[in-house]
**Q** 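Sharing a structure here in structure tokens format.
All heavy atoms count here, side chains included; hydrogens, waters and symmetry mates do not. Labels below follow one simple rule: chain letters A, B, ... track the order of the sequence lines, proteins then strands, and each chain is numbered from 1.
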Protein chains: 2
Amino acid sequence: MPRVSDEHLAARRRQILDAARRCFLRNGFHATSMQDVISEAGLSVGAVYRYFGSKHELVTSIAESVLDGADELFATLAAAEPPLPLVEALDRALQFVESQTGPDGVFPLAIQVWAESLRDPALAEFITRLYGRFRSRFVELARRAQQAGELPADADAEAVGAVLFGLIPGFALQRVLAAGPDPKTYLDGIRALLAGHGVAE
Amino acid sequence: MPRVSDEHLAARRRQILDAARRCFLRNGFHATSMQDVISEAGLSVGAVYRYFGSKHELVTSIAESVLDGADELFATLAAAEPPLPLVEALDRALQFVESQTGPDGVFPLAIQVWAESLRDPALAEFITRLYGRFRSRFVELARRAQQAGELPADADAEAVGAVLFGLIPGFALQRVLAAGPDPKTYLDGIRALLAGHGVAE
DNA sequence: CAGTGTAAAACGAACGTTCGTTCCTTGACT
DNA sequence: AGTCAAGGAACGAACGTTCGTTTTACACTG
């Protein structure tokens, strides 16, 4: 089928990426062979190698698409007008993450990306930059909560933002690895902490 | 050396496990070949296979030893007499984790164990049980903080414990993947949250 | 104490498989 | 007729593991 449309090419790419995502979710990056991806996509070796030059390129593409989605939500939460109360912003973030922790969600893939980034400097740099951006969203959230009087005026927004961001993977990990509590319960815990009796300082 | 002492056998095992740990830290479980481990240990193929029946057994042994250490600390923190103030307990937990986030620490290995557990039901069950125990330590911490008046009397200790525990991997992940703040800054953020202005109920 | 038998520890060549990738061929569409 | 997406046989390398051989330390004899 020569001279096919651009949409056809894009669709083929997506077809391969979707197949790869399913395989990677099922077996992990390393235990998935190119043949697995190729069979899952219902294509031939040659066809797949026309669209992706190597397995590594497939892994990288998946990694980027997996993580890009979350930033959009976090950006929305941080920029909401009027500013969202802390608890509500966290509620929304937790619900999003919760929706991605199942076997079909992307969070298990994210864990694999973390592991992969420990050995792949290029991927590590991508991750560092993206997660830095994630954190900056939560710093912004903290700053605005501070202005709204939800946090002490002298608090370090950078520090609070880091903690708020840390709550998210902390929740997701427990959900996936340790049969953790549901988002509602987790949020109750956060609320209780926020309502703390001023023991610090 | 036939008929060697039990200490010799144990030392050989440790020799192999240490070599494997170094290799796994350097290249990850999957990208490390048995030959890598064997060369690193300075032994022969046959010698290593005398002590460990398969590569998988090596991975499992490493995983267990990596995670067992942390529980000891968490148990100590939860059982301290008199009860530790929340902030101080978290401080100690963060400092411990911090000491394990470097290239020589075990935290990078823990990330790989997480990824591995997604495909290995036996490992997953081990992880679930262990992390459940981790969380229960923090629940105990929360309960005692509650009795000391550091948390609202009507708070759900289970929920708060889960959040407190979640702070730990949340910190470590940022430290390893996203050039996150140091433990002191992170703790400042936690303090600011605890001092929150009672916005939640 | 010397000599010898033996069981166990260590060795490493070799095996069958599977890997990611290459590259030539095929055939549908312009 | 020409172009190019798609196909798939074939390749060399590397994998985890097996297994027959060699080496070693100790027990037992005289």
**Q** Whole angstrom is fine here: how far is it from CG in A/Asp36 over to C1' in C/dG20?
**A**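 Checked: the CG to C1' distance equals 12 Å.
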
**Q** Can you classify the ring geometry of A/Tyr131 versus A/Trp114 as parallel (below 30°), tilted (30 to 60°) or perpendicular (above 60°)?
**A**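 Perpendicular, since the angle between the ring planes exceeds 60°.
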
**Q** Below 4.0 angstrom, which residues in residues 52-65 of chain A have at least one non-hydrogen atom near DNA chain C?
**A** A/Ser54, A/Lys55

**Q** Can a side-chain donor-acceptor contact be found between A/Arg12 and A/Gln15 if the only test is distance below 3.5 angstrom?
**A** yes

**Q** Choose from C/dA9, D/dT18, C/dC11 the nucleotide whose nearest atom is closest to any side-chain atom of B/Tyr49.
**A**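 Nearest listed nucleotide: D/dT18.
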
**Q** Would a 4.5 Å heavy-atom cut-off, applied to side chains only, mark B/Leu187 and B/Ile190 as touching?
**A** yes

**Q** CZ of A/Arg12 versus C1' of D/dG7: gap in Å, rounded?
**A**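 The distance from CZ of A/Arg12 to C1' of D/dG7 comes to 12 Å, rounded to the nearest Å.
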
**Q** Between P on C/dC23 and CZ on A/Arg50, what's the gap in Å once rounded to a whole number?
**A** 14 Å

**Q** Is it true that B/Asp18 and B/Arg22 make a salt bridge, defined as a side-chain N closer than 4.0 Å to a carboxylate O?
**A**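 Answer for the salt bridge query: no.
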
**Q** Do B/Leu130 and B/Arg133 have side-chain heavy atoms sitting under 4.5 Å apart?
**A** yes

**Q** What is the distance, rounded to the nearest whole Å, between atom OH of B/Tyr51 and atom C1' of C/dA8?
**A**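 Answer to the nearest Å: 10 Å.
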
**Q** Counting side-chain heavy atoms from C-beta on, which of D/dG7, C/dA10, C/dA9 comes nearest to B/Leu9?
**A** C/dA9

**Q** If only side-chain N and O atoms count, and only distance matters, is there a donor-acceptor pair under 3.5 Å linking B/His30 with B/Gln112?
**A** no

**Q** Looking at DNA chain C, which of residues 37-45 of chain B put a heavy atom within less than 4.0 Å of it?
**A** B/Leu43, B/Ser44, B/Val45

**Q** With a 4.0 Å cut-off, would you call B/Glu81 and B/Arg144 a salt bridge?
**A**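 Salt bridge between B/Glu81 and B/Arg144, a charged N being under 4.0 Å from a carboxylate O: yes.
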
**Q** Do A/Pro181 and B/Arg135 come within less than 4.5 Å of each other through their side chains, counting heavy atoms only?
**A**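 With C-beta onward as the side chain, the pair touches.
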
**Q** Heavy-atom distance under 4.5 Å between the side chains of A/Leu58 and A/Phe29, does that happen here?
**A**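 No, every pair of side-chain atoms sits at 4.5 Å or beyond.
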
**Q** Hey, does A/Leu193 have a side-chain heavy atom less than 4.5 Å from the side chain of B/Leu164?
**A** yes

**Q** Do NZ/NE/NH1/NH2 and the carboxylate oxygens of A/Arg137 and A/Glu140 come within less than 4.0 Å?
**A** no

**Q** Please give me every residue in residues 19-35 of chain B whose heavy atoms get under 4.0 Å of an atom in DNA chain C, ordered by residue number.
**A**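 Heavy-atom cutoff 4.0 Å gives no residues at all.
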
